[in-house]
Amino acid sequence: MQNRVEAAVPVLYVRDVASAQAFYALFGYEHIQTGGDGDARWSYLKGGQHTVLLACVQPALIPVELPLLIYLYVTGLGDVREQLDAAGHDYELTGYPDHAPGGELRTHDPDGNVVLVGQRTTVAADARTAPSAPEARFSLIKQAAEAISRRGGAPATCQVPTADSSPCPRPAEIKLADTWGATIWACLPHADEALINAPAAFIASEDAQGLGPWLSHRGATA
Ligand SMILES: [Zn+2]
């Protein structure tokens, strides 16, 4: 193959370019160039060989359920900690995982994006600091798993058999239920078909008026 990637530039959507610039300056990113106008502005930052593009649009984009995660490898985690302390940014020490034997910390940028910072060069066992939050590394995966489980354990494909009784290959998109509690995950065409032909069926959605929130509210006040 002739072509190969020469650089990868993460693009971060931020609410305020100046405060994001100030945060990433703590990691040595310098402001190189600014552009755009009015409702859409961008700022290009560079740290050594590495670049980050900050993008700011008005009105601000709706934040996604899972924020972006950016992982920065640095040569001196101790210096980064001093910089964060001086700037008054909170962070958690997550320990010394195999991919960052020099230590790792977790913090947030001003837009709530998760910033993990690791050091590849190892430090001696007696120079290590006890992690303040050894579980922090896993919380993002847990968050993602929780977001998936809110889909109620949706299967990958539709559970409604096709007319010739073979499995439907389309993705499961909608959970249907009836008042007796039968549920099935269906693709969009099969959900349509079920709602027309099984008039008691309805679309099961997780909302604040369901049994789950009511039960947990009773549990909390009991
Ligand atoms: Zn289907």
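Quick note: numbers below take in every heavy atom, side chains included, and nothing from hydrogens, waters or symmetry partners. Numbering of ligands and ligand atoms starts at 1, following listing order.
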Contacts table for residues 31-59: side-chain donor-acceptor under 3.5 angstrom, sequence neighbours left out:
from  : atom 1 : to    : atom 2 : distance (Å)
His31 : NE2    : Thr34 : OG1    : 2.4
Ser43 : OG     : Gln21 : NE2    : 2.7

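Interatomic distance, CG of Leu12 versus CG of Asn113, reported as 5.5 Å (0.5 Å rounding).
Between the Arg15 side chain and the Pro110 main chain, a donor and an acceptor come within less than 3.5 Å of each other.
No donor-acceptor contact under 3.5 angstrom links the side chains of His190 and Gln159, judged on distance only.
Asp164 CG: more than 12 foreign heavy atoms inside a 6.0 Å radius.
Cation-pi check for Arg81 over Tyr91 is not met; the charged atom does not lie both under 6.0 angstrom from the ring centroid and within 45 degrees of its normal.
Under 2.8 Å from the Zn ion (ligand 1), one finds the following protein N/O/S atoms: Cys158 SG, Cys168 SG, Cys187 SG, His190 ND1.
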